[in-house]
S.K.: 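Sharing a structure below in structure tokens format, with a few things to ask.
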Amino acid sequence: MTFPDGAHRQYPPGTTGLEIAKAISPSLAKRTVAMALDGKLADFSDPIAQDAKIEFIGRDDPRALELIRHDAAHVLAEAVQTLWPGTQVTIGPVIENGFYYDFFRNQPFTPEDFGAIEKKMREIIARDKPFTKEVWSREEAKKVFRDKGELFKVELVDAIPEDQQIKIYKQGDWFDLCRGPHMTSTGKVGNAFKLMKVAGAYWRGDSNRDMLSRIYGTAFAKQEELDAYLKQIEEAEKRDHRKLGREMDLFHFQEEAPGSVFWHPKGWTLFQTLENYIRRRQQAAGYAEVNAPQLIDSSLWVASGHMATFRESMFLVEPREEDDRIFVVKPMNCPGHIQIFKNGLKSYRDLPFKIAEFGKVHRFEPSGALHGLLRVRAFTQDDAHIFITEEQIADEVLKVNDLILSIYADFGFADVRIKFSDRPDKRIGDDAAWDTSETALKAALEASGRPWTLNKGEGAFYGPKLEYVLRDAIGRDWQCGTIQVDLNMPGRLGAFYIDEHSSKVTPVMLHRAMFGSLERFTGIMIEHYAGHLPLWLSPLQAVVATITSDADDYARTALAAAQRLGLRVEGDLRNEKINYKVREHSLAKVPVLLVVGKKEAAERTVSIRRLGSEKQQTMPLDAALAALAAEAVPPDLRRAQQGG
RNA sequence: GCCGGCUUAGCACAGUUGGUAGUGCACCUGAUUUGUAAUCAGGGGGUCGGGGGUUCGAAUCCCUCAGCCGGCACCA
């Protein structure tokens with residue numbers, strides 16, 4: 001064995017970690033909860049079969065956290081089965097911020113049950129029974145679980161690959177089928193745990209199967225860490241875009257239009273600021289903006305394949321007496337853009353042919369999926385389609401990738417996750433086309449040098465895609481940008497260009513969106529900035545607030561001057577105390593407060609107070625406004641100014 | 001769509017065992033001219049999410065529909 005300090009020692013094969021630790025020192029054995037062999041966590045009492053680098057993991061080791069949580073899940077399951085005999089156990093994995101356990105029970109749990117469950121968990125933890133592992137035969141395991149009425153476990157045993165052992169972990173009389181590893185005893189879980197929420201979840205993630213009752217919990221090594229985590233959740237809730245949207249008077253939703261946004265003046269200003277930003281970025285990248293109809297005959301959607309795949313989630317317009325055709329409210333922009341490409345003969349010299357649209361699409365999303373601005377039924381895509389030859393795929397994908405990442409950087413999103421989604425089960429086109437598009441897209445992704453992960457089988461029905469994923473305030477991931485390679489739809493809709501040999505060739509089409517949905521991006525961005533939008537995005541950039549009415553005329557002068565510089569400003573000349581005005585505009589998250597009183601009026605200055613700071617700075621009016629106007633220049637235009 | 005929870009004034013929330021609604025902020029009116037996070041006083045505002053039922057009587061109990069919240073499933 002190799003030890004962390006570099007020392008080597010020989011042991012007979014089959015010696016356990018516990019024995020090695022005991023031989024070194026009893027106290028080491030006592031404070032160790034698990035071991036790592038060549039960096040891989042294992043049960044402390046596992047016999048070691050071959051040479052390895054061994055580390056003894058204490059409870060405070062960061063690597064022990066997942067064990068604490070996993071053990072907590074087992075303790076939770078024992079507690080639940082003790083309290084409600086007859087409840088079946090299923091699985092209980094560790095997740096990003098804790099763990100959960102799925103149970104099958106006729107009556108689902110409610111948060112009111114948490115008190116009793118947590119109490120029982122503490123009892124089990126206090127009992128401090130050792131976790132012991134046994135390896136059973138498949139038949140034995142299935143028989144035991146079947147006799148216990150644990151039918152889900154029987155199914156799990158069957159799902160374990162033939163080359164893997166059936167491991168049973170016992171904690172006193174209670175046991176569970178589990179891959180492990182676990183700590184040495186239930187007492188190591190400690191008391192810094194908390195049950196968080198209950199939820200329904202389908203068995204094996206399949207909506208055709210049983211609905212299980214899931215209990216989420218979290219656990220930490222120390223109480224302070226748990227407290228800090230709970231505090232952090234509380235803080236994150238304050239950044240919720242739905243809450244900020246109301247507080248900042250940006251938008252609202254109402255029952256008559258579920259999943260559709262009512263944008264208020266300030267929210268719409270923000271929306272348009274974002275739209276104009278993208279418009280400039282894509283114009284600079286060679287896209288031409290277009291606009292296609294909102295309602296298109298269903299025949300086109302049949303031809304594109306959307307009708308077959310998504311009919312249930314499309315809004316269809318009721319046929320009229322004088323025209324019985326069924327029109328579809330567009331759920332996508334691609335078929336429309338293909339019509340624009342098809343109109344007029346295209347030559348290979350026209351490629352790449354790039355058209356973009358701020359396309360408002362409607363999709364009948366399942367009611368349970370709706371979520372503020374992040375998942376809506378009516379949204380605006382910054383959509384574009386790029387018609388190219390097969391040879392141009394890699395080059396164009398890389399260009400779009402660079403553009404997307406550069407755009408995200410302008411909003412301070414540095415840690416964008418990229419996912420590569422390949423062919424789904426339900427798809428159009430032959431495998432040869434999929435081979436081509438997947439290979440080309442992956443090659444471009446590799447060439448970009450960015451880290452990425454595979455999203456198996458999650459591609460669009462017409463082609464593989466890259467997803468650019470951003471995270472909201474409470475840690476949920478949302479797809480924003482996307483690049484999709486499509487070797488199917490142009491052909492289905494009869495698009496072609498004339499190549500250098502005068503023959504008709506079907507183009508490859510890239511689908512691309514950078515924000516993805518302007519609604520979703522706006523929501524994520526509000527949370528990202530916690531409502532403290534940078535000046536260029538803020539719908540109301542400054543308020544000129546008077547101290548007394550003596551400064552009213554001067555305030556009007558200052559307002560007019562600010563407006564001449566293109567700043568979005570308002571005046572607050574109300575007969576209110578300055579304290580009151582400061583508080584109100586701070587709560588409304590106005591980035592800049594320009595306070596003017598007698599003194600400022602006399603000196604033609606302003607007292608500047610920035611959101612989030614109590615500091616004041618008095619500056620000459622013109623200099624202050626010029627500085628603000630300079631700060632309010634969008635990042636792309638600023639680069640253009642600086643780059644000359 | 002599925003499981004659970006929730007829905008009372010513009011917002012945040014109270015409302016005891018069923019006896020036809022309150023508080024704070026906001027809003028309106030008046031007074032106050034104020035130096036960087038709440039000036040004082042007065043006033044108006046709710047068919048308690050919609051519909052149905054039980055009851056002498058329902059915000060409160062039951063049914064149903066809708067929306068929202070948390071997950072799951074879905075996400076072109």
Side-chain angles (χ1 to χ4, degrees), chain A residues 100 102 105 107-113 196-216 240 242-243 246-247 249 252-259 301 304-310 312-314 330-335 361 363-372 375-376 381 383 424 426-428 458-463 465 467 474 476 478-479 482 484 486 489 511 513 516-517 520 545-552 574-587 593 595-600 607-609 611 613-616 618:
Chain A
Y100 66 78
D102 283 348
R105 181 181 173 224
Q107 194 193 345
F109 305 100
T110 75
E112 269 110 75
D113 298 326
M196 303 295 288
K197 54 196 177 193
V198 287
Y202 295 109
W203 169 235
R204 312 218 105 189
D206 183 344
S207 58
N208 295 313
R209 307 199 61 178
D210 286 313
M211 172 65 68
L212 306 173
S213 187
R214 173 174 298 179
I215 297 178
Y216 284 93
D240 190 314
R242 293 165 296 188
K243 187 173 154 71
R246 189 172 50 242
E247 290 171 359
D249 194 16
H252 83 270
F253 290 90
Q254 67 187 52
E255 279 194 40
E256 292 80 355
W301 304 101
S304 70
H306 287 93
M307 210 55 159
T309 319
F310 290 109
E312 288 309 305
S313 37
M314 289 167 36
K330 69 176 176 182
M332 288 196 86
N333 303 299
C334 15
V361 296
R363 300 176 182 178
F364 196 90
E365 301 287 7
S367 57
L370 302 181
H371 183 95
R375 188 79 182 270
V376 285
Q381 295 181 311
D383 206 359
K426 199 172 176 185
R427 59 180 184 263
I428 57 173
E458 296 293 318
F461 73 88
Y462 46 70
K465 65 179 181 179
E467 296 175 35
I474 54 177
R476 286 180 284 213
W478 299 90
Q479 178 197 309
T482 183
Q484 304 166 0
D486 186 351
M489 213 188 290
H511 306 241
S517 144
R520 176 177 290 181
T546 51
I547 291 171
T548 66
S549 54
D550 297 333
D552 283 4
R574 290 175 303 171
N575 175 13
E576 294 289 355
K577 292 193 168 173
I578 192 62
N579 285 315
Y580 182 83
K581 296 185 182 182
V582 166
R583 174 180 156 81
E584 203 167 65
H585 297 120
S586 299
L587 288 174
L593 217 53
V595 176
V596 295
K598 252 187 204 161
K599 190 161 142 264
E600 288 78 9
S607 167
I608 306 170
R609 179 181 169 128
L611 181 61
S613 164
E614 289 173 16
K615 277 190 244 145
Q616 301 157 39
T618 301

S.K.: Distance check, C1' atoms only: B:A26 and B:G44, in whole angstrom units.
M.R.: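 These two C1' atoms come out 13 Å apart once rounded.
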
S.K.: Answer yes or no: does a side-chain N or O of A:N579 lie under 4.0 Å from OP1 or OP2 of B:A37?
M.R.: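 So the side-chain polar atoms of A:N579 do come within 4.0 Å of the phosphate oxygens OP1 or OP2 of B:A37, strictly under.
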
S.K.: Looking only at the side chain of A:V595 (C-beta and beyond, no hydrogens), which of the listed nucleotides B:G71, B:C75, B:U36 gets closest?
M.R.: B:U36

S.K.: Look at all strands and tell whether A:P331 reaches a base, only sugar-phosphate, or nothing, counting heavy atoms closer than 4.0 Å.
M.R.: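 Here A:P331 touches the bases of the nucleic acid.
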
S.K.: When you measure from the side-chain N and O atoms of A:K330 to the phosphate of B:A76, is any distance below 4.0 Å, counting only OP1 and OP2?
M.R.: no

S.K.: Using a 4.0 Å heavy-atom cut-off, does A:L587 contact any base of the nucleic acid, only the sugar-phosphate backbone, or nothing at all?
M.R.: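 Answer is base: heavy atoms of A:L587 come under 4.0 Å of a base.
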
S.K.: At under 4.0 Å between heavy atoms, what does A:I547 touch on the DNA or RNA strands: base, sugar-phosphate, or nothing?
M.R.: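 The answer is base, as A:I547 lies within the cut-off (heavy atoms under 4.0 Å) of a base atom.
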
S.K.: If you look at every strand shown and take non-hydrogen atoms under 4.0 Å, does A:R375 touch a base, only sugar-phosphate, or nothing?
M.R.: base

S.K.: How is A:G205 classified with respect to the nucleic acid when contacts are heavy atoms under 4.0 Å: base, sugar-phosphate, or nothing?
M.R.: sugar-phosphate

S.K.: Base, sugar-phosphate, or nothing for A:P108, non-hydrogen atoms under 4.0 angstrom?
M.R.: sugar-phosphate

S.K.: Rounding to an integer number of Å, can you tell me how far A:E247 CD sits from B:A12 P?
M.R.: 9 Å

S.K.: In whole angstrom, give me the gap between the C1' atoms of B:C63 and B:A21.
M.R.: 25 Å

S.K.: P atom, B:G10 versus B:G42: distance in rounded Å?
M.R.: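 Straight-line distance between the two P atoms is 23 Å.
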
S.K.: Using the P atom as the point on both nucleotides, what is the distance between B:G30 and B:G35, in whole Å?
M.R.: 23 Å

S.K.: Looking at A:R242, I'd like to know whether one of its side-chain N or O atoms comes within less than 4.0 Å of OP1 or OP2 on B:G70.
M.R.: yes

S.K.: Please state how far atom CZ in A:F253 lies from atom C1' in B:A66, giving the value in whole angstrom units.
M.R.: 17 Å

S.K.: Across the strands shown, which category fits A:S586 at heavy-atom distances under 4.0 angstrom: base, sugar-phosphate, nothing?
M.R.: base

S.K.: Using modelled atom types only, decide if a donor and an acceptor are shared between the side chain of A:K581 and the backbone of A:T546 within a distance under 3.5 Å.
M.R.: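 Checked: pair present.
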
S.K.: Given atom CD of A:E365 and atom P of B:C68, what is their separation to the nearest angstrom?
M.R.: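 Rounded to whole Å, this separation is 13 Å.
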
S.K.: Counting side-chain heavy atoms from C-beta on, which of B:C72, B:A37, B:C2 comes nearest to A:M211?
M.R.: B:C2

S.K.: Choose from B:C75, B:C2, B:G4 the nucleotide whose nearest atom is closest to any side-chain atom of A:V198.
M.R.: B:G4

S.K.: Any side-chain N or O of A:R609 under 4.0 Å from OP1/OP2 of B:A37?
M.R.: yes

S.K.: So A:S207, base contact, sugar-phosphate only, or nothing? Heavy-atom distance under 4.0 Å.
M.R.: sugar-phosphate

S.K.: Begin from the C-alpha positions of A:D240 and A:R242 and carry the test salt bridge (charged side-chain N to carboxylate O under 4.0 Å, His left out) through to its verdict.
M.R.: CA-CA 5 Å; A:D240 190 314; A:R242 293 165 296 188; 2.5 Å; yes

S.K.: So what does A:A369 touch, heavy atoms closer than 4.0 Å: a base, only the sugar-phosphate, or nothing?
M.R.: base

S.K.: Would you mind reading off the distance between A:K598 atom NZ and B:U36 atom C1', rounded to a whole angstrom?
M.R.: 18 Å

S.K.: What is the separation between atom NZ on A:K615 and atom C1' on B:U36, rounded to the nearest whole Å?
M.R.: 15 Å

S.K.: Got a donor-acceptor pair under 3.5 Å from the side chain of A:Y202 to the base of B:G71?
M.R.: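 Checked by distance alone, the answer is no.
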
S.K.: Classify the nucleic acid contact of A:R476 as base, sugar-phosphate or nothing, counting any heavy atom under 4.0 Å across all strands shown.
M.R.: sugar-phosphate

S.K.: Could you tell me whether A:Y580 contacts a base, only the sugar-phosphate backbone, or nothing, with contacts defined as non-hydrogen atoms closer than 4.0 Å?
M.R.: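 Sugar-phosphate contact only - A:Y580 comes under 4.0 Å of backbone atoms but never of a base.
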
S.K.: When you compare B:A59 with B:G22, how far apart are their C1' atoms, in angstrom units rounded to a whole number?
M.R.: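 It works out to 12 Å between them.
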
S.K.: Of A:I474 and A:R520, whose nearest nucleotide on RNA chain B comes first from the 5' end?
M.R.: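 Of the two residues, A:I474 wins.
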
S.K.: Give me the ring orientation class for A:H306 and A:W301: parallel if the planes are under 30° apart, tilted from 30 to 60°, perpendicular past 60°.
M.R.: perpendicular

S.K.: Do any side-chain nitrogens or oxygens of A:S367 fall under 4.0 Å of OP1 or OP2 in B:G1?
M.R.: yes

S.K.: I want to confirm an ordering. Mapping A:L212 and A:K599 to their closest nucleotides on RNA chain B, which one lands closer to the 5' end?
M.R.: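 Whichever sits nearer the 5' end wins; that is A:L212.
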
S.K.: With a non-hydrogen cut-off below 4.0 angstrom, is A:K577 in contact with a base, only sugar-phosphate, or nothing?
M.R.: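 Result for A:K577 = base.
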
S.K.: Please answer whether the main-chain N or O of A:A199 pairs with a side-chain N or O of A:R214 as donor and acceptor at a distance below 3.5 Å.
M.R.: no

S.K.: By the 4.0 Å heavy-atom rule, please label A:A201 as base, sugar-phosphate, or nothing.
M.R.: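 Sugar-phosphate: the residue A:A201, judged by heavy atoms under 4.0 Å, touches backbone atoms but no base.
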
S.K.: I'd like to check, for A:F109, whether its ring lies over the base of B:G4 with centroids under 5.5 Å apart and a plane angle smaller than 30°.
M.R.: no

S.K.: Less than 4.0 angstrom between a side-chain N/O of A:R105 and OP1 or OP2 of B:C3, yes or no?
M.R.: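 For B:C3, neither OP1 nor OP2 has a side-chain N or O of A:R105 closer than 4.0 Å.
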
S.K.: Within the structure, does a side-chain N or O atom of A:R209 lie under 4.0 Å from either OP1 or OP2 of B:A73?
M.R.: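 No, outside the criterion.
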
S.K.: Can you tell me whether the side chain of A:S313 and the base of B:A76 have a donor-acceptor pair closer than 3.5 Å?
M.R.: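 Per atom types, the contact qualifies.
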
S.K.: Could you give the CD-to-C1' distance, from A:Q254 to B:G50, as a whole number of Å?
M.R.: 15 Å

S.K.: How many whole angstroms separate atom CD of A:E112 from atom C1' of B:G5?
M.R.: 9 Å

S.K.: Quote, to the nearest angstrom, the P distance that separates B:U7 from B:C48.
M.R.: 14 Å

S.K.: Considering only the C1' atoms, how many Å lie between B:U36 and B:C75, rounded to the nearest integer?
M.R.: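 The same atom, C1', in both gives a distance of 48 Å.
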
S.K.: Has A:H585 got a side-chain N or O lying under 4.0 Å from the OP1 or OP2 atom of B:U36?
M.R.: no

S.K.: Over all strands shown, is A:K465 touching base, sugar-phosphate only, or nothing at heavy-atom distances under 4.0 angstrom?
M.R.: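 Here A:K465 touches the backbone only, sparing every base.
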
S.K.: Taking CD from A:E576 and P from B:G35, how many angstroms apart are they, rounded to a whole number?
M.R.: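 Taking CD of A:E576 and P of B:G35, I get 13 Å after rounding.
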
S.K.: Honestly, is A:K197 close enough over A:Y216, meaning NZ or CZ under 6.0 Å from the six-membered ring centre and within 45° of the axis?
M.R.: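 Geometry flag: set, cation within 6.0 Å and 45°.
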
